[in-house]
4 protein chains.
Amino acid sequence: MTRGRIKGDHEVRRAEIARAACAVILRNGLAATSLAEIAREMGYTTGVLRHYFLSKEELLFHAKNSLFDAAIDARRDGAQDLQGRDKLTSVVTAMIAVNPAAVDRYRLLAAFNGSAIGDEALMSKQHARNQENIEALSALIAELQACGLALKGLDPRMAALGLLALIDGLWEHIIMKPQDWGGDDLAALVMAHVRTTIFGELPPEAETDRRTGAPSAIPRET
Amino acid sequence: MTRGRIKGDHEVRRAEIARAACAVILRNGLAATSLAEIAREMGYTTGVLRHYFLSKEELLFHAKNSLFDAAIDARRDGAQDLQGRDKLTSVVTAMIAVNPAAVDRYRLLAAFNGSAIGDEALMSKQHARNQENIEALSALIAELQACGLALKGLDPRMAALGLLALIDGLWEHIIMKPQDWGGDDLAALVMAHVRTTIFGELPPEAETDRRTGAPSAIPRET
Amino acid sequence: MTRGRIKGDHEVRRAEIARAACAVILRNGLAATSLAEIAREMGYTTGVLRHYFLSKEELLFHAKNSLFDAAIDARRDGAQDLQGRDKLTSVVTAMIAVNPAAVDRYRLLAAFNGSAIGDEALMSKQHARNQENIEALSALIAELQACGLALKGLDPRMAALGLLALIDGLWEHIIMKPQDWGGDDLAALVMAHVRTTIFGELPPEAETDRRTGAPSAIPRET
Amino acid sequence: MTRGRIKGDHEVRRAEIARAACAVILRNGLAATSLAEIAREMGYTTGVLRHYFLSKEELLFHAKNSLFDAAIDARRDGAQDLQGRDKLTSVVTAMIAVNPAAVDRYRLLAAFNGSAIGDEALMSKQHARNQENIEALSALIAELQACGLALKGLDPRMAALGLLALIDGLWEHIIMKPQDWGGDDLAALVMAHVRTTIFGELPPEAETDRRTGAPSAIPRET
DNA sequence: AATGAATGAGCATTCATTCAT
DNA sequence: GATGAATGAATGCTCATTCAT
């Protein structure tokens with residue numbers, strides 16, 4: 001029926017805009033991301049953005065989500081053939097793998113979470129996404145429990161929260177200076193947590209004696 | 001020309017401004033925090049801010065740090081009489097305690113970390129603070145190792161990173177909906193991590209069998 | 001290539017667009033009337049408007065006139081069989097009858113007259129239309145004079161101006177709150193004016209005495 | 001108490017801005033009145049307008065009202081010493097006097113009434129002002145009735161409405177081409193209405209005969 | 001020390017118009 | 001005839017900063 005321009009590339013164009021928006025945010029920061037800059041990034045003018053997104057807010061939210069949705073699909077594909085502890089291991093390892101795309105994703109996430117402070121609506125949306133993530137991890141852990149592959153006494157949701165928090169918290173540090181993290185150190189760190197607190201395995205070399213130390217320094221929070 | 005007193009007033013006034021700035025950021029968000037709003041919060045006009053801070057950026061950075069410095073002092077006081085594992089436990093417990101002041105602090109931190117994306121200078125400053133925190137925790141753990149109270153094979157800096165990441169990551173979730181977290185669940189979660197991965201204790205009920213499970217869901221990152 | 005039919009369709013479509021434009025103006029106001037909104041009102045897209053009107057200005061002007069031309073035709077039909085004072089009475093009564101269509105017409109007129117301020121070209125067009133109206137009423141009054149049915153000393157054009165002004169002025173008030181005016185009060189008001197100042201009849205109960213009052217309030221113009 | 005700039009000229013400045021706004025509206029029309037143009041009219045930049053008015057809407061509304069408030073004060077002063085019919089005559093004559101300032105006022109009013117179409121809030125405000133005007137005129141007429149100087153059977157509010165409508169309606173025509181109206185024609189027209197429909201006097205030369213005429217033309221509304 | 005007036009650039013958003021299909 | 005993508009200028013508004021008092 002449509003006689004004018006082809007309609008098919010609507011979604012394609014939205015994705016193109018989303019990509020440009022992400023690039024600008026990561027380069028200049030969220031506060032310095034103007035529609036004009038996004039348009040310039042693509043070689044277009046600002047007016048065109050209005051065709052594809054009703055407002056700047058909608059554009060930016062879509063941009064962030066599109067980046068993450070792609071990552072989720074990739075991770076699901078990577079884990080779907082696995083079973084038991086290997087499946088959790090695969091998922092967790094993928095989540096902590098440091099590569100440029102992942103760094104971009106978590107930087108974007110940090111930018112958005114920061115902008116959600118003082119914005120109840122945005123905070124709710126982010127909270128809901130967090131809950132979904134916990135739920136999904138929780139289901140994995142509960143299945144392991146059912147098979148006797150994870151500690152019986154665990155609350156799966158708390159275990160999932162802890163695991164996700166550890167990964168998120170590591171990313172908080174990673175994004176500040178990604179080049180410091182190349183090898184498998186981080187995966188080993190997370191897996192040590194998983195093995196001891198979820199799988200219930202003994203820590204690798206658990207020989208400690210009972211003397212008392214006297215450390216002195218206090219960490220700063222920031 | 002009472003210079004000394006004037007200097008004293010000066011710092012008092014800077015602190016007052018910092019407090020007002022924090023209040024506005026937490027209420028309206030960083031992006032919506034204008035100097036006019038901060039001045040209004042105090043019952044002053046914008047011009048006065050210029051007497052105490054050269055720029056908005058300086059004002060905001062000072063505001064955030066002042067909040068955290070106060071918290072650090074408090075934590076140091078709480079732990080200084082303790083020894084050995086109790087000391088680490090005390091520090092860690094204090095860091096995960098959910099109360100309105102702590103929620104405000106971590107929300108502020110999230111806002112600033114978010115605004116550091118795309119701003120290399122600010123990112124460096126935050127990174128340096130992170131490193132200090134890791135160093136301090138690392139020293140505590142190293143002392144425990146020296147006394148045989150922590151796992152020998154651990155890299156203290158990695159262990160400190162993991163511990164800090166877990167706490168930071170938990171806070172990332174807490175600040176979204178603080179009212180969900182009242183009891184000792186979070187402290188228990190963190191202490192389980194500490195006991196197994198740092199102290200090297202056996203997980204509470206480590207009876208698992210060897211069957212293989214088949215979990216299916218994949219968590220989303222956001 | 002059925003040219004005749006196409007021409008017919010053309011005018012039909014212009015009328016359809018004009019109707020949609022009026023609806024939007026009355027709902028949202030002239031300033032908030034965009035071509036996109038008019039197109040949406042009809043279920044079309046903006047591009048189509050360009051086929052029927054060269055510019056927005058032309059479209060809007062046509063829209064207003066079409067509404068009034070329809071009203072004029074209707075009034076002419078209602079009065080064509082009457083004679084003498086009855087004819088003027090019929091015309092005047094029709095002009096002051098409060099019904100939704102008339103309210104819409106006068107609201108539209110007010111919107112356009114308002115937009116003519118500062119726009120000499122539009123003002124001229126509106127002025128010309130006013131003059132036509134006065135001329136037509138003036139002819140009616142002159143005929144009554146010729147028949148001895150109206151005051152001899154009247155200047156017919158001034159009398160017509162006064163009558164039209166009274167009706168227009170009443171409408172200025174009516175359109176603000178049309179629901180206040182249901183009955184024959186307004187027609188009676190206008191007819192009292194017509195009977196005394198044009199027909200020369202005695203006011204209904206003309207017994208006043210000669211004392212002097214002392215009223216105090218002063219009306220505001222707006 | 002205030003140490004900085006003097007505060008006294010705040011209202012003076014608002015008036016200055018209001019005057020500039022009126023000038024621009026009358027020259028370019030309401031739709032083409034931008035804040036930049038108003039600022040340019042005064043030799044300032046746009047930002048300054050924000051010091052004195054919260055929004056464009058507030059500025060424009062204030063501008064219009066300030067013009068009318070000044071006129072009301074002037075009219076009140078002119079009529080305060082008079083009594084009885086002379087007082088009403090004085091007020092009415094002042095309301096219909098054609099001079100550049102009055103033309104500006106009524107043009108501004110037309111522009112605002114036009115922009116009130118489709119804007120319920122603005123329409124309500126204008127309606128309220130109209131009601132005040134009617135009330136004030138109504139009080140004048142009621143006093144005349146009480147003294148036996150006006151027709152007993154009149155509803156003062158309807159009489160006031162009619163009188164105000166006649167004046168407003170005349171202005172609707174006057175503003176289109178003010179130079180056409182120099183002498184006392186308009187005042188005479190209004191006073192004829194007042195004398196016959198309110199005072200109850202006989203029309204000047206009431207000799208009409210009974211023949212029936214057959215006028216033909218029908219006035220157009222616009 | 002403190003005020004508040006004034007600046008002027010930057011922003012998101014709106015919109016009439018053009019034009020390839 | 002009709003579409004809708006794209007333009008690009010204009011608008012109201014915000015705000016950090018400057019500065020005379």
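So that the names make sense, note that chain A is the first sequence line, chain B the second, and so on, each numbered from 1. These values consider heavy atoms only, across backbone and side chains, with no hydrogens, waters or symmetry-generated copies.
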Nearest-angstrom distance from the residue atom [atom1] of [X] to [atom2] of [N]:
X: A:Glu11; N: F:dA5; atom1: CD; atom2: P; result: 12 Å
X: D:Leu54; N: F:dG12; atom1: CG; atom2: P; result: 16 Å
X: D:Leu60; N: F:dT11; atom1: CG; atom2: C1'; result: 13 Å
X: B:Glu58; N: F:dA16; atom1: CD; atom2: P; result: 15 Å
X: C:His51; N: E:dC19; atom1: NE2; atom2: P; result: 14 Å
X: A:Glu37; N: E:dG10; atom1: CD; atom2: C1'; result: 12 Å
X: A:Ile38; N: E:dT13; atom1: CD1; atom2: C1'; result: 14 Å
X: D:Arg40; N: F:dT11; atom1: CZ; atom2: P; result: 8 Å

Could you please name the option among [options] that lies closest to any side-chain atom of [X]?
X: A:Tyr52; options: F:dA5, E:dA1, F:dG1; result: F:dA5
X: A:Thr46; options: F:dA6, E:dT13, E:dA6; result: E:dT13
X: B:Arg50; options: F:dA5, F:dT18, E:dT3; result: F:dT18
X: D:Lys56; options: F:dT11, F:dT17, F:dT7; result: F:dT11
X: A:Ser34; options: E:dC11, F:dC13, E:dT3; result: E:dC11
X: B:Ser55; options: F:dT17, E:dA6, F:dA5; result: F:dT17
X: C:Thr45; options: F:dA2, F:dG4, E:dA2; result: F:dG4

Taking atom CG of A:Leu35 and atom CG of A:Leu59, what is their separation to the nearest 0.5 Å?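 If we round to the nearest 0.5 Å, A:Leu35:CG and A:Leu59:CG are 6.5 Å apart.
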Which residue lies toward the 5' end of DNA chain E, A:Thr33 or D:Gly43, if each is placed at its nearest nucleotide?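 The 5'-side residue here is D:Gly43.
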Map C:Gly47 and B:Gly47 onto DNA chain F by nearest heavy atom, then report which one ends up closer to the 5' terminus.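 Taking each residue's closest nucleotide, the earlier one in sequence belongs to C:Gly47.
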Specify the residue among B:Glu57 and C:Val48 whose closest nucleotide of DNA chain F lies further upstream toward the 5′ end.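 Here C:Val48 is the residue nearer the 5' end.
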Once you apply the 3.5 Å cut-off to both distances, tell me the Watson-Crick or G-U wobble partner of E:dA20, or none.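 In the structure as shown, E:dA20 has F:dT3 as its Watson-Crick or wobble partner.
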With both distances kept under 3.5 Å, what pairs with E:dA1, Watson-Crick or G-U wobble?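 E:dA1 is paired with nothing.
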Between D:Arg13 and E:dA6, is there a side-chain N or O to OP1/OP2 distance below 4.0 Å?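 Checking D:Arg13 against E:dA6: at least one side-chain N or O falls below 4.0 Å of OP1 or OP2.
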Candidate pair A:Arg19 and A:Glu16, rule salt bridge (Lys or Arg N to Asp or Glu O under 4.0 Å), full reasoning: CA-CA 5 Å; A:Arg19 229 177 303 125; A:Glu16 185 188 350; over 6 Å; no
Please determine whether side chain to side chain contact (heavy atoms under 4.5 Å, CB included) holds for the pair B:Met176 and A:Asn113, giving the CA-CA distance in whole Å, both sets of side-chain angles, and the decisive distance to 0.1 Å. CA-CA 9 Å; B:Met176 298 266 175; A:Asn113 281 343; 3.5 Å; yes
More than 12 heavy atoms of other residues, nucleotides or ligands under 6.0 Å from CD of C:Glu58: yes or no?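 Enclosed: over 12 neighbouring heavy atoms sit under 6.0 Å from CD of C:Glu58.
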Polar side-chain atom of D:Arg40 near backbone of D:Tyr44 as donor-acceptor pair, under 3.5 Å: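 The answer is no, because no donor-acceptor pair under 3.5 Å joins these two groups.
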So does C:Thr33 get a backbone contact from the side chain of C:Lys56, meaning a donor-acceptor N/O pair under 3.5 Å?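 Present.
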